[in-house]
2 protein chains.
Amino acid sequence: MSVDRTQVLRAAAALLSRKATATMDEVARAAGIGRATLHRHFAGRDALVRALEQMCIEEAEAALDAARIEEGPADEAVRRLVTASQPAAPLLSFLVTENQLFEGDGQNEGWARLDARLVALFRRGQEEGTFRIDLSPAWLCEAFYGLISSGAWAVADGRVAANDFSYMIAELLLGGARRSVEK
Amino acid sequence: MSVDRTQVLRAAAALLSRKATATMDEVARAAGIGRATLHRHFAGRDALVRALEQMCIEEAEAALDAARIEEGPADEAVRRLVTASQPAAPLLSFLVTENQLFEGDGQNEGWARLDARLVALFRRGQEEGTFRIDLSPAWLCEAFYGLISSGAWAVADGRVAANDFSYMIAELLLGGARRSVEK
DNA sequence: ACCAAGTGAGACATAAATGTCTCACACAAG
DNA sequence: CTTGTGTGAGACATTTATGTCTCACTTGGT
């Protein structure tokens, strides 16, 4: 009977990531609920996006925790992180693009935390000699978001099997497309 | 005196890629013209997006041509393509996300052409032994779009220098983040 | 200097989305 | 069965964006 807030947010993210101009009515229908109900849970479009942002940050931090990115070789940590990020991928896909140009009250400080942890991971990899040093941690971080996003979109579109999500992203991010002699 | 259509479209892409819900008025201001003038050139939001799509496809095909992707080693071709794609990057960044869920009249067939050419490039690389075969051409294609997008965004945001655009993208796409023995 | 074409600013009507409300109904707990 | 909570559907007013128009002004060409 009662609406599952999380499920509504996921549906909203899935829709909005590919049609950012979607109406509140469309969001409600995509989530399988009435517009009035959607409005009872989220005061307006802003509130909805905020909730999406909050949930995304929470899930992303949970993924960072679950992947234990401080432990072991950095490349293994990245691999675990990609796998752990899959559930949050559609969410990230929406929020990475919808920057809203950080107008108004400034963006959620959670983003800065995520960035910091991710950058730290890549930096650690560089210091340990696992990652190359000619690609800046900031760019690797950005590329990570971008590939997660692309992966989520490719899976949602049926171009990549959901089971291949982690492998495709982690392999490309870590090893690249070029065939190397050491493999 | 006369408005530069191309410049307006670029400004629109730059804005819309980060705030897809931007108003026609905001677009006009971002382009430095009046709302009435914007309306004289593009009948409405739909027409604007269509024009954006058209221009993007044209520039992307021009980039494919300029990079002569059929010639030489596939990895070199990819490198040339990334460089040639830089001008169209903000445009791509917007259109890759704004899929509009291909409702209505179906998407521009130009996208299919682009995809086909790009996929052919990656497939050629695999057949020649330059690219690994465990990453599907479709995924490499998707990742290419995603990284171009991320790169455009990172540059626009000042996180990556414009001069590093090509290098960062091509190196990550081809070689990955991991440090390999052969380099 | 003159003219023509194109523009910006603003007024305006229309269309569309938003936010609020009511009401009937389903469902779960008691 | 009765009660209470939460829901869907729809009506409604309000806000917001859109599309059209006019008019004064700038600019480039003649």
Side-chain angles (χ1 to χ4, degrees), chain A residues 1-56 91 94-95 97-105 107-108, chain B residues 1-56 91 94-95 97-105 107-108:
Chain A
M1 185 182 186
S2 195
V3 160
D4 178 359
R5 181 183 167 98
T6 296
Q7 182 269 332
V8 170
L9 286 175
R10 285 191 190 288
L15 173 60
L16 291 174
S17 68
R18 276 179 295 180
K19 188 176 178 184
T21 59
T23 302
M24 289 293 274
D25 188 69
E26 294 177 285
V27 172
R29 291 188 184 286
I33 64 176
R35 195 167 65 96
T37 304
L38 178 62
H39 235 279
R40 279 187 200 104
H41 289 270
F42 307 100
R45 196 195 185 75
D46 276 359
L48 179 64
V49 173
R50 293 299 172 83
L52 238 29
E53 195 176 32
Q54 190 57 38
M55 181 177 165
C56 178
L91 221 28
F94 165 60
L95 291 163
T97 61
E98 190 82 355
N99 271 307
Q100 294 287 5
L101 234 33
F102 37 81
E103 285 169 1
D105 50 1
Q107 53 195 352
N108 195 315
Chain B
M1 184 183 188
S2 194
V3 160
D4 178 0
R5 181 184 167 97
T6 296
Q7 183 269 332
V8 170
L9 286 174
R10 286 192 189 287
L15 172 62
L16 291 174
S17 67
R18 278 179 293 179
K19 188 176 177 184
T21 59
T23 302
M24 290 292 275
D25 187 68
E26 293 177 287
V27 172
R29 290 188 185 287
I33 64 176
R35 195 166 66 95
T37 304
L38 178 62
H39 235 279
R40 280 188 200 103
H41 288 269
F42 306 100
R45 196 195 187 75
D46 277 0
L48 179 64
V49 173
R50 293 300 170 83
L52 238 30
E53 194 176 33
Q54 190 58 37
M55 180 177 165
C56 178
L91 221 27
F94 165 60
L95 291 163
T97 62
E98 190 82 354
N99 271 305
Q100 293 289 4
L101 235 32
F102 36 81
E103 286 168 2
D105 51 0
Q107 52 196 349
N108 195 316

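Lettering follows sequence order; numbering is per chain, from 1.
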Query - Note, Met55(A) side chain near Leu91(A) side chain (heavy atom, < 4.5 Å) - result: yes

Winner on side-chain proximity to Arg45(A), out of dG8(D), dT18(C), dT18(D), is dT18(C)

field: Any donor-acceptor N/O pair under 3.5 Å between dG8(D) base and Arg40(A) side chain
entry: yes

From CG of Leu48(B) across to C1' of dG19(D) the rounded distance in Å is 14 Å

Separation of dA17(C) atom P from His39(A) atom NE2, nearest Å, is 13 Å

Here the distance between atom C1' of dA17(C) and atom NZ of Lys19(A), to the nearest Å, is 13 Å

note: Asp25(B), atom CG; dG8(C), atom C1'; distance rounded to Å ~ 12 Å

Any side-chain heavy atom of Leu52(B) within less than 4.5 Å of one from Leu16(B)? yes

Q. Quick one: does Arg35(B) reach the base of dG19(D) with a side-chain donor-acceptor pair under 3.5 Å?
A. yes

Asp4(A) CG to dT7(D) C1', in whole Å, measures 15 Å

Looking only at heavy atoms, the pair that brings Arg5(B) and Ala51(B) closest together is NH2-CB, 3.7 Å

To the nearest angstrom, the CD1-C1' distance between Ile33(B) and dT27(D) comes to 17 Å

Of all heavy-atom pairs linking Arg45(A) and Thr21(B), the shortest is NH2-CG2, 4.1 Å

- Message: Strictly below 4.0 Å, N to O, side chains only: are Asp25(B) and Arg29(B) in salt-bridge contact?
- Response: yes

Q) Using a cut-off of less than 4.0 Å, is there contact between a side-chain N or O of His41(B) and OP1 or OP2 of dT7(C)? A) yes

* **OP1 or OP2 of dT7(D) under 4.0 Å from side-chain N/O of Thr37(A)** => no

In whole angstroms, the gap separating P of dT20(D) from CZ of Phe42(B) amounts to 15 Å

Out of dG8(D), dT20(C), dT7(C), minimum distance to the side chain of Val3(B) belongs to dT7(C)

Judged by nearest nucleotide, the residue sitting upstream toward the 5' end of DNA chain C, Thr23(A) or Gly32(B), is Gly32(B)

Of dT18(C), dA9(D), dC21(D), the nucleotide closest to the side chain of Ala36(B) is dC21(D)

